[in-house]
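I have placed the structure first, in the form of structure tokens, so that the comments after it can refer back to it.
Note that ligands are numbered from 1 as they come in the structure, with each ligand's atoms numbered from 1 the same way.
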Amino acid sequence: MSRLQHFGWFLSRGFGPHGWGHPYWEWNHDWTRPDLYQQSAKTLEQAGFDLVIIEDALSLGNADTLDLRIRSAYGGPKHDPLLLAPYLFDATTHLGIAPTVNPLAYSPYQAARQFATLQHLSANRFGINVVTDVGSSRHFGAEPLDHDGAYDRAEEWLGAVRRLWHSWGEDALIADAATGRFADGSKLDAFAHRGEHYRFDGPLNALPFPGLGAGGALSGDPIVVSPGGSPRGLAFAGEQSEVQLALASLDVETIRAYRAKVHAAARANGRDPSDIDVLFVFKPIIVSSREEADRIVDASAHPDDETLLAVAAGQSSDLETDLTGLDLDRPVDPAIFGDHVSRGTIKGLLGRYDDFADATLRELLTAKARLGRISDRAGYVGTAEEIADFIQELGDEADNDGFIFSGDLHPVTIHRMLGELVPILRRRGILRTTYGAGGLRGNLRDF
Ligand SMILES: Cc1cc2nc3c(=O)[nH]c(=O)nc-3n(C[C@H](O)[C@H](O)[C@H](O)COP(=O)(O)O)c2cc1C
């Protein structure tokens with residue numbers, strides 16, 4: 001029997017106009033109404049997925065390039081994923097929901113209170129994807145921190161949030177109607193937090209979690225997910241996270257090496273490596289036959305100008321720099337990128353090239369458009385059987401914990417990606433067929 005793996009879904013462009021610009025927009029789902037997301041979440045639960053992580057960004061970016069973000073709804077608008085969560089909980093019973101949260105936007109007290117409330121309402125199915133972007137600081141009247149400084153602040157913030165959650169002692173809740181005693185105020189911790197970034201007093205005014213006091217399997221803090229892959233990001237994961245959302249090339253060696261780094265970071269913080277699931281982002285293109293796969297892969301090596309322009313539009317949004325009006329057959333002048341554009345994103349555009357002088361824009365974009373066959377381990381295009389082989393191989397040979405599929409939260413996308421794959425994974429014993437009763441933490445600890 002193969003190793004059971006965990007599966008999740010990353011709503012990769014946040015809570016916004018899903019399906020816009022795609023033919024499936026014609027299905028008449030209204031992206032402003034909860035039904036679209038509820039229908040998708042129900043399907044994911046029926047498929048045996050453990051959680052949905054909802055991407056978010058707090059800003060539309062640089063004021064000079066707003067149009068790049070929103071003209072094709074590629075980088076906005078983005079509504080608040082925290083407020084979508086209750087609707088998804090209402091539509092499901094077992095699925096965990098982890099909206100993206102940036103400490104920049106919430107004081108620890110406000111965060112601890114809202115998250116405790118969502119953990120109640122969902123019967124322990126709530127999690128947070130903690131990110132540290134500082135580009136949106138100006139919207140909050142805050143000075144931007146540097147990369148590592150933002151992680152330091154996130155650690156102080158999470159520590160403070162957890163202390164608030166635990167400011168109700170284990171036996172604070174009595175809930176004895178016969179004696180009329182609900183809780184014991186002497187068991188609450190009215191602590192004073194005086195840190196580098198935050199100054200406030202406890203205790204929390206909300207009762208942390210269902211199961212508290214009963215010692216039940218239902219008790220437990222919300223799950224922390226982290227996506228940062230830098231050394232500082234992995235150190236954060238080792239100390240704080242239950243799920244590392246990992247972005248890496250998907251092969252046995254890379255997965256082993258990535259897992260080893262996260263496990264070492266966990267041990268360095270006195271934690272058991274099995275306390276963290278490392279789940280790799282995966283966006284396969286599933287086709288109905290090997291011939292179709294060949295056809296798509298061959299065509300991708302020679303993209304037409306329309307395809308390249310679509311790739312340029314996506315890159316322009318991410319880079320906050322308009323590439324769509326540039327001459328495809330000349331190299332890009334690196335001076336067009338403003339200081340605010342991250343070096344990592346620029347390196348991403350360069351891909352295997354060292355320098356912009358080495359390639360025309362057409363060559364850069366062609367490399368981005370190029371697809372490969374999963375059966376050759378050259379990309380992620382394949383039949384459902386081939387994709388399942390790949391997932392199985394990484395579970396068996398790299399001891400992979402699981403995958404996070406990435407896309408919009410639209411029924412058409414989900415059926416296209418999972419319709420054929422789920423039955424195969426289940427037949428092979430890789431994907432769960434039932435859930436336990438332990439909420440999101442339970443989902444992650446079931447195996
Ligand atoms: C798979 C993945 C998902 C991410 N999701 C978000 C997100 O939703 N919002 C956000 O602001 N940053 C997001 N990030 C960015 C990270 O939070 C982080 O800022 C970035 O990876 C830089 O940190 P690092 O240098 O430690 O990798 C994501 C990163 C990855 C790899």
Side-chain angles (χ1 to χ4, degrees), residues 6-16 18 51-62 69 74-82 84-85 97-106 127-140 142 144-155 157-158 223-241 243-250 254-255 258-259 261-262 265 276-283 317-320 340-348 380 401-409:
H6 297 281
F7 293 88
W9 191 274
F10 184 57
L11 199 176
S12 59
R13 291 209 171 267
F15 172 15
H18 292 203
L51 78 164
V52 171
I53 302 167
I54 311 173
E55 188 268 358
D56 192 34
L58 295 169
S59 173
L60 290 171
N62 188 21
R69 288 286 172 102
Y74 197 81
K78 284 181 201 271
H79 287 213
D80 188 337
L82 201 62
L84 178 61
I97 307 294
T100 292
V101 170
N102 191 325
L104 181 59
Y106 299 91
I128 47 174
N129 177 35
V130 179
V131 298
T132 53
D133 167 63
V134 292
S136 39
S137 302
R138 68 188 190 286
H139 301 304
F140 295 83
L145 301 173
D146 64 20
H147 177 270
D148 288 10
Y151 274 110
D152 293 344
R153 176 174 62 191
E155 272 179 358
W157 179 84
L158 251 185
I223 289 294
V224 171
V225 180
S226 54
S230 63
R232 185 65 187 86
L234 294 181
F236 177 89
E239 186 170 359
Q240 305 288 349
S241 311
V243 172
Q244 171 70 2
L245 179 57
L247 190 63
S249 75
L250 301 177
T254 307
I255 287 187
Y258 197 116
R259 286 170 56 76
K261 279 195 227 162
V262 173
I276 308 182
D277 284 309
V278 183
L279 305 180
F280 287 85
V281 177
F282 189 27
K283 198 171 179 186
S317 171
D318 289 347
L319 285 157
E320 296 184 73
H340 59 280
V341 182
S342 103
R343 302 296 111 182
T345 318
I346 295 174
K347 257 183 94 178
Y380 304 130
D401 293 318
F403 290 96
I404 301 285
F405 288 83
S406 169
D408 57 24
L409 201 56

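At a threshold of 4.5 Å between non-hydrogen side-chain atoms, the residues Val130 and Val101 do not count as touching. You'll find the side chain of Leu104 stays beyond 4.5 Å of the side chain of His139, heavy atoms only. Looking only at side-chain heavy atoms (C-beta outward), Tyr258 and Leu234 come within less than 4.5 Å of each other. A heavy-atom distance below 4.5 Å is found between the side chains of His147 and Ser230.
Near ligand 1, residues Phe10, Glu55, Asp56, Thr100, Val131, Thr132, Asp133, His147, Tyr151, Pro227, Gly228, Gly229, Ser230, Gly233, Leu245, Leu247, Val281 come within 4.0 angstrom through at least one heavy atom.
Ring planes of Phe405 and Phe403: tilted class, angle from 30 to 60°.
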Go through the steps for Glu55 and Thr100 under the test side-chain hydrogen bond (donor to acceptor under 3.5 Å, both in side chains), then give the verdict. CA-CA 5 Å; Glu55 188 268 358; Thr100 292; over 6 Å; no
